[in-house]
Amino acid sequence: MKKVLVINCGSSSLKYQLIDMETESVVAKGLAERIGIDGSRLKHQPAGKDAVVQEEAMPDHNKAVEMVLAALTDKEHGVIADMSEISAVGHRVVHGGEKFACSVVISDEVIKTMEECSDLAPLHNPANLIGINACQQLMPGTPMVAVFDTAFHQTMPEKAFLYGIPYKYYTDYSVRRYGFHGTSHRYVSERVAAILDKKAEDLKVIVCHLGNGASVCAVNGGKSVDTSMGLTPLEGLIMGTRSGDMDPAIMQYIMNKENLDINQMMNVLNKESGVLGVSEISSDFREIENGCAEGNKAAQRANDAFVYRVAKYIGSYAAAMNGVDAIAFTAGLGENNALVRKEICSYLEFLGVKVDDAKNNVRGKETVITTDDSKVKALLVPTNEELMIARDTMELIG
Ligand code: ADP
């Protein structure tokens with residue numbers, strides 16, 4: 001039985017899933033939190049059993065990987081007899097720059113190229129590399145694959161990825177739009193084709209990945225042709241705490257008014273803006289949803305601005321592709337918030353989107369949420385980035 005360990009490593013956290021590739025089912029999953037910080041803990045969840053929480057110091061990622069492997073092979077709550085049952089490891093890597101247009105088997109050369117991309121994602125890529133390094137040390141000889149968040153969007157044409165700034169910044173410093181959530185957009189757009197019983201090549205799909213981080217992607221014939229995130233994940237939609245699109249001159253204006261330096265300003269745009277900043281309530285949309293239900297105006301204005309921005313992007317991507325056959329909603333909010341889906345779709349009636357309220361009253365299950373006569377279909381498709389990473393890994397290691 002082939003099993004793939006999927007690792008998603010952040011600066012102080014490590015998420016994992018062990019996936020049985022014969023059944024494509026999750027054998028165990030878990031999260032190591034507060035790595036390198038006081039109070040670190042590992043939550044290990046074997047499938048069909050109670051979760052086990054282990055509170056133990058994790059000074060670095062090596063210790064975290066060590067604890068994950070110990071949990072997976074533990075006599076009581078483990079799921080495999082020993083590490084040799086892990087055929088390969090698939091790593092999520094945030095930024096592949098222009099170097100990686102698909103997943104790759106990790107070699108010394110690949111790591112060197114990934115280090116070169118770290119400039120573009122200083123918050124994410126170094127953590128991903130630390131995770132790869134820790135696994136390589138503890139699992140020597142186990143093949144490893146890198147799956148990039150940006151790779152799916154490398155098919156974007158130049159007219160979509162260029163910014164309206166001097167071209168030399170692209171040629172000299174690689175400043176262009178890259179896009180993220182690519183593994184999710186790829187998975188969901190493929191599922192849309194399968195659910196509608198069509199070939200991906202024949203479909204124009206718009207995928208809305210609406211989580212804490214959120215992005216929209218135009219997928220034409222199975223290929224990403226535009227997406228809302230840019231050089232970094234800050235561009236595009238109004239997100240949980242990120243501003244999304246805005247006039248860049250706002251930065252200078254606020255920095256002068258509030259005497260902020262550029263790092264403080266970036267912190268405002270990444271951590272204090274978005275739904276949190278506009279509502280002054282929370283970045284969690286559940287609280288916004290509750291606030292709206294109670295008639296809270298601050299919650300309502302954040303909800304309305306969020307919904308409006310998503311609808312605007314969908315409209316612009318319908319133009320970018322000269323049409324659209326299906327619109328898919330995914331991630332925390334897209335999979336769980338029927339009202340947001342309905343409100344977004346209500347802007348799109350001109351395109352021929354007709355929501356069926358009864359069908360839309362669903363959570364986390366693949367569903368066509370439009371009426372049978374709706375010209376453009378809208379769907380709820382739960383994302384599964386880990387499975388996509390595991391599939392790529394198996395395919396590459398053979
Ligand atoms: P990320 O992976 O980017 O951190 P998620 O995909 O988990 O984010 O989405 C987080 C958002 O989804 C939050 O705003 C949250 O309110 C919403 N969400 C997640 N689960 C639910 C749920 N069961 N019901 C309603 N909203 C949910």
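The structure presented is a predicted model; accordingly, all values stated were derived computationally and were not measured. Order of appearance sets the numbers: ligands from 1, and atoms from 1 within every ligand.
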Checklist outcome for this item: The protein heavy atom nearest to atom 8 (O) of ligand 1 is Asn212 N, 3.0 Å
Checklist entry - Is it the case that Thr330 and His209 place a side-chain donor and acceptor less than 3.5 Å from each other? => result no
Checklist entry - Going through the distances and angles, do Phe148 and His95 end up as a ring pair (Phe, Tyr, Trp, His ring centres under 6.0 Å)? => result CA-CA 6 Å; Phe148 302 89; His95 218 307; 9.3 Å; no
Checklist entry - In ligand 1, which numbered atoms sit nearer than 4.0 Å to a non-hydrogen atom of Phe285? => result 13 (C), 14 (O), 16 (O)
Next on the checklist: Tell me whether the rings of Tyr173 and Tyr169 are parallel (<30°), tilted (30 to 60°) or perpendicular (>60°).
Outcome noted: parallel
Checklist outcome for this item: Ranking Asn336, Thr383, Asn337, Asp284 by closest non-hydrogen atom to atom 16 (O) of ligand 1, top hit is Asp284
Item to check | Cation-pi, Phe161 ring and Arg177 (6.0 angstrom, 45 degrees) | outcome: no
Checklist entry - Does Phe306 have Arg309 sitting over its ring (NZ/CZ under 6.0 Å from centre, angle to axis within 45°)? => result no
Next on the checklist: Suppose I only count heavy atoms of Ala331 and a 4.0 Å limit; which atoms of ligand 1 are within that range?
Outcome noted: 6 (O)
Next on the checklist: I'd like to know whether ligand 1 has Gly213 as a neighbour, heavy-atom separation below 4.0 Å.
Outcome noted: yes
Checklist entry - Heavy-atom distance under 4.5 Å between the side chains of Gln252 and Met265, does that happen here? => result no
Next on the checklist: In the complex you have, is atom 26 (N) of ligand 1 within reach of the protein, judged by whether a heavy-atom distance drops under 4.0 Å?
Outcome noted: yes
Next on the checklist: List ligand 1 atoms under 4.0 Å from Arg363, heavy atoms only on the residue side.
Outcome noted: 22 (C), 23 (N), 24 (N), 25 (C)
Checklist entry - Does an N or O anywhere in Gly332 fall below 3.5 Å from an N or O of ligand 1? => result yes
